[in-house]
Amino acid sequence: KDVEKEREPHVYLSKEEVKEKIQSYNSSVTDKLKMTLNANGIYTGFIKVQMELCRPITVQSSQSQGRCAHSNNETAFYLPEGCVNTLHISSTNTVREVIEALLKKFFVADNPAKFALYKRCHKEDQVYTCKLSDREHPLYLRLVAGPRTEMLSFVLREHETGEVMWEAFSIPELQNFLRILDKEENEQLQILKKRYAAYRDKLEEALGGVWKPG
């Protein structure tokens, strides 16, 4: 179970400390996704982001796949579970810029304000999740934690229900969501009806056997 944890303070590293950490980081990398330190002190590297989206996203219809509901040139559909995306970013890129880059890579037309980036840490057999502020720098967190994703990973989620900026949704988006919800509701109702019809048949068969004359 995820446990919320307060955001850890940012520790500013000297250029020499950054260089040492990058050397240590690259020596531990197993997937060739190494970091590079530039002469100006800015470093670049890769982060992987797990997409854990519960609500449908809106994309250009020409790019859409899977269950969808159409509206003009846009399509709302559910992103497959377990989808992981790799981004090449720099140490100056903020959380907000990473979210925008992810959405652009997936051709998502939704407002970036609907989403939040979380970090997930494993410590002492516990899983801690913490929503990152828009001004934090994911690559710095990746560098400090090292390349092992079991120690630190990034997750993109929607804002919690109470945090959703409903004004960020357009009328066509909301209409698409309603169509999808109506479709899923009908599908679930049909499944339930079939399940209870099967139970009813078995009960009636059992009752017929109990009350059979003679």
Verify the cluster assignment for Leu141 and Leu33: are they in a single hydrophobic cluster under the rule of side-chain heavy atoms below 4.5 Å apart?
-> no
Give a yes or no answer on whether the side chain of Glu100 reaches the backbone of Glu97 with a donor-acceptor pair at less than 3.5 Å.
-> no
Would you kindly confirm whether Leu203 and Tyr196 end up in one hydrophobic cluster when ILVMFWY residues are joined by side chain heavy atoms under 4.5 Å apart?
-> no
Salt bridge (Lys or Arg N to Asp or Glu O under 4.0 Å) partners for Glu204, two or more places apart | none
Main-chain N/O of Asn40 paired to Asn38 side chain as donor or acceptor, under 3.5 Å = no
Any Lys/Arg nitrogen of Glu52 or Arg120 sitting under 4.0 Å from an Asp/Glu carboxylate oxygen of the other?
-> yes
Compute whether any side-chain donor of one residue and acceptor of the other, for Asn85 and Lys105, lie under 3.5 angstrom apart.
-> yes
Quick one: closest heavy-atom pair of Arg135 and His137, and the distance?
-> O-CE1, 3.4 Å
Is the shortest heavy-atom distance from the side chain of Tyr118 to the side chain of Leu156 under 4.5 Å?
-> no
Do any pairs count as a salt bridge (charged side-chain N to carboxylate O under 4.0 Å, His left out) and have a residue in residues 137-148, sequence neighbours left out, and if so which ones?
-> Arg148-Glu150
Once you round to the nearest 0.5 Å, how far does CG of Asp134 lie from CD1 of Ile99?
-> 6.0 Å
Kindly indicate whether the side chain of Pro112, heavy atoms from C-beta on, has any atom under 4.5 Å from the side chain of Arg96.
-> yes
Treating Ile, Leu, Val, Met, Phe, Trp and Tyr as nodes and any side-chain heavy-atom pair under 4.5 angstrom as an edge, say whether Leu103 and Val84 lie in one connected cluster.
-> no
Hey, does Asn26 have a side-chain heavy atom less than 4.5 Å from the side chain of Met35?
-> yes
Donor-acceptor under 3.5 Å (Glu136 side chain, Ser133 main chain) = yes
Validation row: Leu87, Leu102 side chains within 4.5 angstrom (heavy atoms) = yes
Could you tell me which non-hydrogen atom of Gly45 sits nearest to which non-hydrogen atom of Leu139, and how far apart they are?
-> N-CD2, 3.5 Å
Hey, are the side chains of Phe154 and Leu132 touching, using non-hydrogen atoms and a 4.5 Å cut-off?
-> yes
With a 4.5 Å limit on heavy-atom distance, are the side chains of Ser91 and Tyr43 in contact?
-> yes
Quick one: does Val98's side chain get under 4.5 Å of Leu117's, heavy atoms only?
-> yes
Value rounded to 0.5 Å, distance of CD in Gln50 from CZ in Arg157 = 10.0 Å
Determine whether Leu13 and Leu37 fall in the same hydrophobic cluster, where Ile, Leu, Val, Met, Phe, Trp and Tyr are linked whenever their side-chain heavy atoms lie under 4.5 Å apart.
-> yes
With sequence neighbours excluded, what pairs up with Phe46 under the ring pair (Phe, Tyr, Trp, His ring centres under 6.0 Å) test?
-> His88
Output yes when a side-chain donor or acceptor of Glu158 lies under 3.5 Å from a complementary backbone atom of Cys54, and no otherwise.
-> yes
Is there side-chain contact between Asp31 and Lys48, with at least one heavy-atom pair below 4.5 Å?
-> yes
Between the main-chain N or O of Ile89 and the side-chain N or O of Asn93, is there a donor-acceptor pair closer than 3.5 Å?
-> no
